[in-house]
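The block underneath contains the structure these notes are about, expressed in structure tokens.
Numbering of ligands and ligand atoms starts at 1, following listing order. Here, residue 1 is the first one in the sequence, and each next residue gets the next number. Scope of the values below: all heavy atoms of this structure, side chains included, with no hydrogens, waters or symmetry mates.
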Amino acid sequence: MNREGDMRGDRDFADESRDAVRHGPSAVPLKALYTASDLEGVSHLGSRPGEAPFVRGPHASMYTQKPWTIRQYAGYADAADSNLAFRTALAEGAQGLSVAFDLPTHRGYDSDDPAAAADVGMAGVAIDSVEDMKRLFRQIPLDRVSVSMTMNGAVLPVLAAFIVAAQESGVRPEALTGTIQNDILKEYMVRNTWIFAPEPSLRIVADVVEYLAERAPRFNAMSVSGYHFQEAGADAVLELALTLSNARTYVDALVTRGMSVERIGERLSFFFGVGTDFFVEIAKLRAARVVWAGIMSELGARGARAQALRMHCQTSGWSLTAQHPQNNIVRTTIEAMAAVFGGTQSLHTNAYDEALALPSADASRLARDTQLIMQHEMGLCDVIDPWAGSYMMESITDDIAGRVRDLMTQIATQGGVVEAIRSGWVQQRIHEAATRTQARIDSGQRVVVGVNRFRSPEADPPSNCLEIDGRQVRARQVRQLAELKTRRDDVLVARALAALADGARDGTGNLLALTIECVRARATIGECTRALEGVWPRYKMPSRFSSGLYGEARMVDAAWRDACNRVSALVTRLGRLPRVLIAKVGQDGHDRGAKTVAAALTDAGFYVSLGALFRSPGEVVDDAIAAKADVVGISSLSGAHLDLVGEVVRTLRVRRPMAAVVVGGIIPDEHARFLKRNGLFAVLGPGAAMESIVSSFVETVELALASTSASAVAR
Ligand code: MLC
Ligand code: 5AD
């Protein structure tokens, strides 16, 4: 029986496309039934694991010899807190470490920098200097535990601090194992922790790869990421095409600098997201290896180590819901199975409470144990590439590979990825995909259990969300920074920083080698970044969104039309369009939600301005005044809302009292109550359908106007 409840004859069913009953549009059309004829023309069949094109995995023995690495991404507050969490995790079964840095560190600000104040320690660990890095890895044997560091913008000083911290604890660079993300291109496309413009940033990437190849040959010099594309809304084909195009761009740049393609390939690694489209996600990982092996072979790589794509995977954070968080355990487990069936080398499973806050200790343990159970209780490591030979799996693997090659050709003919970033093509394409997905969820075409269907009236059990006292972390960091500066030789620091700036300006010397000397002399992450900023000013990028798509997708939907009618009524009452500023504040660069809301509000009839990223509270108020906003909608996903949103509300009350503030994102209930007591109009939690967001904005404008006219009368 299909979802509509009617029975079909066997033959009809066999011939039918699966589209009508699928859970959502997929990167590739799936059929209800696959047969032997679907294998015709599939060229990768017949290869063995560890053999080109590596569809069956990069190693011959795969998990039978060594299971994937359980590598949980973690970091919060300061180095000492995170060190304790790392050591506990390793004692309890984690097999590698993966450091989440806070946003100021990502963007090259020290914890005492006013631009960063509210974000210190909130979404990851605060690292200001080599001393913090030493605290972070205290009593962790860096010659035995491999460490992944998700760092891109501030890769030079952070990696330098890691290398010096290891050296000062007796571990030479040659002995270090791990991975540095060092993938700047996707930062401009989606993740938004860039600091400099693309061209100088590409030089930094290449200097890092060259230095590591020479001095730390066991360290993976980049982790080219697709995960963030998926999180931002891309489907599997777009995720692969962008990731592999970015990787290709790096390889070309390194080859131009004289590095051998063999050497580059050996320490290049990849990172993919694994979402809810189960079969497609498995096929995606297999297809990634096929396409990449082809590219590397074309570029002249001969060895298996250079041709085989090795990957880390993370289950999808976006697929998790704030409603009934325990359902997320199920989502994550099944996504993790897809990653394992796809042959990942390393895996992060998300914690079930991530849509509410950073993972609590309980939720982190459960996430890790999910993988331990998979490895030790379920027999998943006993058979290599168990999906091989499946009509469906081999056919869609081939289909995805073909589509990815086509899209990569399209990107190349447009002038390549750097050009596609500059023109906004990539950002736009991902944003449009995200907007369409949102429309499908809001209209109920794509089911999210407990959110748009099968809602339960029962309240969720209270969760013990992790709370970080950012002010305390900042106070500690500021004190330690001050101490560091009294103990160091300032002349030595100044000389090293000047040499770094010269290296950047003149194009001479390896920037990582030069930064290592700065950090060894106790220059801070912020000081190294500022030295480079003297040569390469901080980059700025406009924020854009597309109107039309969302409204069109929901045109025939009564709930959406009702919401639009409410806006029309408001327009009539005001005699003009109601004006909204959608703003991001602080160092939080997650803009998927902000862009989708901007698009939907525009389609509903608001006049929407979308603010730039990384604005201070004062700048958000400037933008609100310039936009003559009736409502300022702030999107906050980094945990820094208490300070930042509070300040926007206070400043706006003085400078544009008629404007109201609403917030969307990850805001714990208690914080929402506190902010509302202090003048915030509304909090829109995750999972809210656009019609309810539109209605909230309408009500906010009405209430704000009523209270402004009431206070005018009182005056
Ligand atoms: C493994 N090995 C085998 C084998 N399996 N040898 C023989 N037979 C087998 N079956 C060998 C490998 O060749 C390697 O040795 C060693 O064992 C370790 O295995 P690995 O497969 O390399 O695993 P690992 O060290 O864990 O490395 C996996 C990786 C790496 C290559 C994908 O880059 C990695 O760990 N990446 C993690 C990235 C990450 O955590 N990112 C988080 C992003 S979060 P040798 O000698 O070859 O080294 C994020 C979120 C955000 O980005 O936005 O903030
Ligand atoms: N600790 C653990 N997980 C984190 N994530 C982000 N920051 C942290 C952190 N400090 C996870 C979330 C998010 C993804 C990018 O990584 O799942 O979706």
Side-chain angles (χ1 to χ4, degrees), residues 49-50 57-77 81-82 85 89 94-103 106 121-126 145-152 176-183 186-187 190-193 217-232 266-273 304-305 308-320 328 332 335 343-355 357-360 363-364 367-368 381 384 466 468 589-590 592 637-639 666:
H59 302 290
S61 55
M62 288 299 285
Y63 306 147
T64 61
Q65 175 95 10
K66 183 194 169 293
W68 71 89
T69 308
I70 301 176
R71 191 185 294 282
Q72 296 293 87
Y73 184 50
Y76 61 91
D81 292 324
S82 296
Q95 295 158 351
L97 295 177
S98 174
V99 186
F101 294 97
D102 72 355
L103 290 165
H106 273 293
M122 298 310 281
V125 58
V145 175
S146 69
V147 177
S148 164
M149 283 177 288
T150 294
M151 182 49 64
N152 305 278
L176 289 172
T177 56
T179 303
I180 182 84
Q181 197 164 78
N182 193 29
D183 167 21
K186 62 90 175 56
E187 297 294 331
V190 279
R191 191 168 175 274
N192 293 322
T193 67
R218 300 176 65 201
F219 213 78
N220 297 298
M222 48 174 66
S223 172
V224 190
S225 307
Y227 175 84
H228 307 93
F229 298 127
Q230 176 174 104
E231 286 291 280
E266 281 171 13
R267 281 302 166 203
L268 194 64
S269 90
F270 288 82
F271 170 32
F272 297 109
R305 283 187 66 98
L309 179 152
R310 295 165 306 132
M311 67 175 79
H312 171 75
C313 285
Q314 175 160 348
T315 57
S316 159
W318 180 80
S319 71
L320 305 186
N328 296 331
T332 295
E335 290 168 356
T344 192
Q345 279 53 67
S346 165
L347 178 63
H348 169 103
T349 30
N350 286 335
Y352 66 83
D353 56 1
E354 278 194 19
L358 276 190
S360 62
S364 302
R368 185 194 57 234
C381 298
I384 303 163
L466 182 69
I468 289 162
H590 292 96
R592 173 179 183 163
L637 293 159
S638 66
I666 301 184

- Query: Using heavy atoms and a threshold below 4.0 Å, how should the contact between H228 and ligand 2 be classified: side chain, backbone, both, or neither?
  - Reply: neither
- Note on the structure: Closest to atom 42 (C) of ligand 1 among protein heavy atoms sits T150 OG1, 3.5 Å
- Query: Are any of the N or O atoms of P359 closer than 3.5 Å to those of ligand 2?
  - Reply: no
- If we number the atoms of ligand 2 from 1 as shown, the ones under 4.0 Å from a heavy atom of A100 are 9 (C), 10 (N)
- In terms of residue, atom name and distance, what is the protein heavy atom nearest to atom 30 (C) of ligand 1? T179 OG1, 3.1 Å
- So which protein heavy atom does atom 28 (C) of ligand 1 come closest to, and at what separation? S346 CB, 3.9 Å
- Between F271, F219, W68, F101, which one has a non-hydrogen atom sitting closest to atom 49 (C) of ligand 1? F271
- Query: Is there at least one pair of N or O atoms, one from Y63 and one from ligand 1, spaced under 3.5 Å apart?
  - Reply: no
- Query: At a 4.0 Å cut-off, with the gap strictly under it, does some heavy atom of Y73 reach an atom of ligand 2?
  - Reply: yes
- Touching ligand 2 at all, Q314? Heavy atoms, strictly under 4.0 Å? yes
- Closest approach of any protein heavy atom to atom 12 (C) of ligand 1, naming residue and atom: H59 CE1, 3.9 Å
- Is any N or O atom of R191, backbone or side chain, closer than 3.5 Å to an N or O atom of ligand 1? yes
- Message: At less than 4.0 angstrom from any non-hydrogen atom of E354, what atoms of ligand 2 do you find?
- Response: 11 (C), 12 (C), 13 (C), 17 (O), 18 (O)
- Message: With a heavy-atom distance limit of 4.0 Å, tell me whether E231 approaches ligand 2 through its side chain, its backbone, both, or neither.
- Response: side chain
- Item | Closest approach of any protein heavy atom to atom 8 (N) of ligand 1, naming residue and atom | S61 OG, 3.4 Å
- Task: Find all atoms of ligand 2 within a distance of less than 4.0 Å from any non-hydrogen atom belonging to G75, and give their numbers and elements.
- Result: 1 (N), 9 (C), 10 (N)
- Please determine if N350 has a nitrogen or oxygen closer than 3.5 Å to a nitrogen or oxygen of ligand 2. yes
- Task: Compute the minimum heavy-atom distance from Y227 to ligand 2 and say whether it is under 4.0 Å.
- Result: yes
- Within the structure, does A123 bring an N/O atom to less than 3.5 angstrom of an N/O atom in ligand 2? yes
- Minimum-distance protein heavy atom relative to atom 22 (O) of ligand 1: R310 NH1, 3.9 Å
- Nearest non-hydrogen protein atom, atom 10 (N) of ligand 1: M62 O, 2.9 Å
- Message: Below 4.0 angstrom, counting only protein heavy atoms, does anything approach atom 15 (O) of ligand 1?
- Response: no
- Note on the structure: If we number the atoms of ligand 2 from 1 as shown, the ones under 4.0 Å from a heavy atom of L358 are 8 (C), 9 (C), 10 (N)
- What residue and atom, counting heavy atoms only, is the protein's closest point to atom 27 (O) of ligand 1, and at what distance? R71 NH2, 4.2 Å
- Query: Is there a heavy atom in R267 that sits closer than 4.0 Å to ligand 1?
  - Reply: yes
